[in-house]
Amino acid sequence: MKQVTFILFLIVLLFNAIAQKPRLLITTDIGGDPDDQQSLVRLMVYSNEFEIEGIISSASGTQGELGVAVIKPELVEEIIHGYGQVYLNLKKHDKNYPLPEKLLSLVKHGNPNRGWENVGEGNDTQGSEFIIQAVDKKDKRPFNICIFGGQTDLAQALWKVKSSRSKKEYHLFISKIRVYDINDQDKIFDQIFNEHPSLFYVLAKSPEGADKREGAYRGMYLGGDESLTSIDWLTTNVIENHGALGKLYPTKTWTAPNPHGAMKEGDTPSWFFFLNNGLNVPEQPELGGWGGRFIKNETGFFSDAEDSFLNEKNARATVFRWRGDFQHDWAARMDWCIKDYADCNHVPHVSVNGSSGTKPLIIQAKPGELIKLDASASSDPDRNQLQFEWMLYPENEKFSEELNLVTESAKASFVIPELKKGESIPILLKVIDNGSPQLVSYRRVILNP
């Protein structure tokens with residue numbers, strides 16, 4: 001009886017672990033600029049962190065790039081086959097990596113044609129129908145959609161639900177979805193948002209009239225330490241001696257004014273945004289993370305915010321400020337493809353005031369109250385030494401002056417200043433190990449009045 005009870009306990013733990021994974025669906029214009037392949041290679045070694053529910057191969061390339069309407073799902077499948085060759089070794093590091101066969105079954109065909117004229121009666125695709133089926137699942141978690149390329153299949157799914165269901169059913173459907181769109185590549189964002197204004201929508205795109213390279217997502221390869229995007233870095237940490245998956249990483253793309261012409265990955269910030277790493281809080285895009293930082297505008301969707309970092313102030317800085325962290329993290333996972341657990345580095349486990357996990361620690365406090373934070377119980381699975389950094393992020397000059405944040409290694413304290421209604425104080429803890437590569441974990445502490 002005790003053995004049965006213990007097994008049931010393990011099943012509950014496993015179910016809870018799976019239930020906390022973000023749901024994820026990708027639409028990709030793979031087959032044009034090879035940066036889509038780059039983003040998918042990286043995603044494969046993070047597939048243990050998500051419940052990937054679909055990868056839709058949509059119209060290949062940007063508008064007019066290929067001169068032909070085509071989809072190329074075979075390129076997605078090739079990357080999954082590469083993942084399959086390192087899958088067993090990845091399982092040594094986390095048993096939650098999905099079966100390659102499962103991922104292959106999730107590759108769906110989208111519309112080879114793009115644009116608003118291809119939305120409506122008679123334009124259903126395998127991809128658009130799959131989106132509807134996935135959102136309709138009985139699951140309380142948000143359904144996260146990352147648009148690497150075109151939005152036409154999503155637009156078709158939304159059109160069908162709105163035109164075939166009651167108003168109540170339509171709004172229930174919409175309420176389940178969160179979208180992160182890279183650059184409005186099908187040029188139909190305005191129509192989509194006019195038709196569905198309650199949709200949770202992050203549009204990562206430079207402002208109208210600005211240089212297209214100003215978009216937040218371009219911080220993946222522009223600004224900051226660009227040596228981490230070079231062919232030398234990629235060869236050492238990804239491509240050579242890292243198994244079959246790393247060999248599939250394309251080495252040539254268009255990155256000007258980055259001089260390297262190697263790593264671009266302009267689509268990776270879309271799924272970075274939903275990654276449970278203790279930094280990202282998808283329901284609060286204004287807090288920022290690896291996928292950038294976004295502010296809700298007057299129209300109702302989220303658009304690029306700006307950070308000041310390394311003498312730059314722009315939207316790209318909301319991404320490139322984390323490049324050292326996310327490149328080292330990726331390098332460690334590529335090591336997982338070929339090495340045993342004991343020979344690799346893994347991120348620290350963070351605990352603040354006895355609270356572990358990646359969800360923000362919410363503290364209710366009154367002005368004048370002394371708050372003490374203690375992360376001494378944090379640990380490292382590889383027994384590396386840990387360093388602690390406490391900061392305000394996003395930066396706020398008022399809070400920086402009034403908070404008087406006092407830090408001593410794993411501990412921090414401060415007195416709550418006067419706050420306006422609706423204001424909160426975003427404290428961020430970085431826990432850094434001394435392994436190789438050096439890895440970082442995060443924890444948010446949100447102080448509400």
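No experiment lies behind these values; they were computed from the predicted model shown.
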> Can you find a pair of side-chain heavy atoms, one from Val281 and one from Arg444, that are under 4.5 Å apart?
yes

> Got a salt bridge between Arg323 and Asp225, using NZ or NE/NH1/NH2 to carboxylate O under 4.0 Å?
no

> Looking at residues at least two apart in the chain, or sitting in another chain, which of them share a side chain to side chain donor-acceptor pair (under 3.5 Å) with Thr229?
Asn258

> What distance do Leu403 atom CG and Leu447 atom CG have between them, rounded to the nearest 0.5 Å?
8.0 Å

> Are Arg333 and Tyr46 in a cation-pi setup, meaning NZ or CZ lies under 6.0 angstrom from the ring centre and within 45 degrees of the ring axis?
yes

> Examine distances only and state if a side-chain atom of Ser60 and a backbone atom of Gly32 form a donor-acceptor pair shorter than 3.5 Å.
no

> Taking atom types as modelled, is there a side-chain donor on Gln151 or Asp181 under 3.5 Å from an acceptor on the other?
yes

> Between Asp186 and Arg114, is the closest basic N to carboxylate O distance under 4.0 Å?
yes

> Is the closest side-chain donor-acceptor distance between His242 and Asp335 under 3.5 Å?
yes

> Got a second to check how far Leu287's CG is from Asn280's CG, nearest 0.5 Å?
10.0 Å

> The criterion is side chain to side chain donor-acceptor pair (under 3.5 Å); which residues satisfy it with Glu65, sequence neighbours excluded?
Thr62

> Report the C-alpha distance between Glu53 and Arg23 in whole Å, list the side-chain angles of each, state the deciding distance to 0.1 Å, and finish with yes or no for salt bridge (Lys or Arg N to Asp or Glu O under 4.0 Å).
CA-CA 7 Å; Glu53 300 202 19; Arg23 303 175 71 194; 2.5 Å; yes

> Going from CZ on Phe274 to SG on Cys146, what distance comes out if it is rounded to the nearest 0.5 angstrom?
5.0 Å

> Kindly indicate whether the side chain of Ile30, heavy atoms from C-beta on, has any atom under 4.5 Å from the side chain of Ser57.
yes

> Could you check Tyr201, Phe200, Phe273 and say which one makes a ring pair (Phe, Tyr, Trp, His ring centres under 6.0 Å) with Phe302?
Phe200

> Output a table of donor-acceptor pairs, distance under 3.5 Å, between side-chain atoms of residues 104-112 and any protein atom two or more places apart or on a different chain; print 'none' if there are none.
unit_1	atom_1	unit_2	atom_2	d
Ser105	OG	Lys102	O	2.6
Lys108	NZ	Ser105	O	3.1
Asn111	OD1	Asn113	N	2.8

> Going by an N to O cut-off under 4.0 Å, is there a salt bridge joining Lys430 and Asp325?
yes

> Apply ring pair (Phe, Tyr, Trp, His ring centres under 6.0 Å) to residues Phe309 and Trp322 and explain how you reach the verdict.
CA-CA 10 Å; Phe309 192 70; Trp322 313 109; 7.8 Å; no

> Does either side chain, that of Ser206 or that of Asp211, offer a donor lying less than 3.5 Å from an acceptor on the other one?
no

> Pick one: which of Leu24, Thr268, Ile79 meets side-chain contact (heavy atoms from CB on, under 4.5 Å) with Leu43?
Leu24

> Below 4.0 angstrom, N of the basic side chain to O of the carboxylate: do Arg42 and Glu265 qualify?
yes

> Do Arg178 and Pro282 touch side chain to side chain, with heavy atoms closer than 4.5 Å?
yes

> Tell me, do Ser128 and Thr125 make a side-chain contact under 4.5 Å, heavy atoms counted?
yes

> To the nearest 0.5 Å, how far apart are CG in Asn314 and CD in Glu306?
6.5 Å

> Is the shortest heavy-atom distance from the side chain of Ile231 to the side chain of His260 under 4.5 Å?
no

> Please, which pairs that meet side chain to side chain donor-acceptor pair (under 3.5 Å) have at least one residue in residues 70-80, sequence neighbours excluded?
none

> Do the non-hydrogen side-chain atoms of Cys344 and His93 ever get within less than 4.5 Å of each other?
yes

> Could you walk me through whether Asp307 and Lys313 satisfy the salt bridge (Lys or Arg N to Asp or Glu O under 4.0 Å) test, starting with their C-alpha distance in whole Å, then the side-chain angles of each, then the deciding distance to 0.1 Å, before giving a yes or no?
CA-CA 5 Å; Asp307 275 0; Lys313 183 178 182 181; over 6 Å; no

> Hey, does the side chain of Asn384 reach the backbone of Asp433 with a donor-acceptor pair shorter than 3.5 angstrom?
no

> Counting the benzene-type ring for Trp, do Trp336 and His346 have ring centres under 6.0 Å apart?
yes

> Once the angle between the rings of Tyr97 and Tyr83 is folded into 0 to 90°, is it parallel (under 30°), tilted (30 to 60°) or perpendicular (over 60°)?
tilted

> What I'd like to find out is whether the side chain of Ser378 reaches to under 4.5 Å of the side chain of Pro348, using heavy atoms alone.
no

> For this output row, return yes or no: ring centroids of Trp330 and Tyr249 closer than 6.0 angstrom.
yes

> Is the gap between the ring centers of Tyr221 and Trp254 under 6.0 Å?
no

> Which pairs would a plain distance check flag for residues 352-360, meaning a side-chain donor or acceptor within less than 3.5 Å of a matching protein atom at least two apart in sequence or in another chain?
unit_1	atom_1	unit_2	atom_2	d
Asn353	OD1	Asp374	N	2.7
Asn353	ND2	Lys372	O	3.1
Ser355	OG	Arg443	NH2	2.9

> Measure from the side-chain N and O atoms of Lys339 to the backbone N and O of Asp343, and report whether any donor-acceptor pair falls under 3.5 Å.
no

> Looking at Lys92 and Asp340, is there a salt bridge between them, counting it only when a charged N and a carboxylate O are closer than 4.0 Å?
yes

> Are Val431 and Glu389 packed together at the side-chain level, in the sense that at least one heavy-atom pair is separated by less than 4.5 angstrom?
no

> Establish, from distance only, whether the side-chain atoms of Gln185 and Asn183 form a donor-acceptor pair under 3.5 Å.
no

> Please tell me whether Phe294 and Phe301 form a close aromatic pair, meaning their ring centres lie under 6.0 Å apart.
no

> Among all residues two or more places apart in sequence or in another chain, which pass the ring pair (Phe, Tyr, Trp, His ring centres under 6.0 Å) test with Phe320?
none

> Kindly indicate, with the supporting measurements, whether the criterion salt bridge (Lys or Arg N to Asp or Glu O under 4.0 Å) is fulfilled by Arg218 and Glu214.
CA-CA 7 Å; Arg218 294 187 189 269; Glu214 292 298 314; over 6 Å; no

> Would Asn144 and Tyr180 count as a side chain to side chain donor-acceptor pair (under 3.5 Å) if you check the C-alpha gap in whole Å, the side-chain angles of each, and the deciding distance to 0.1 Å?
CA-CA 8 Å; Asn144 304 309; Tyr180 187 121; over 6 Å; no

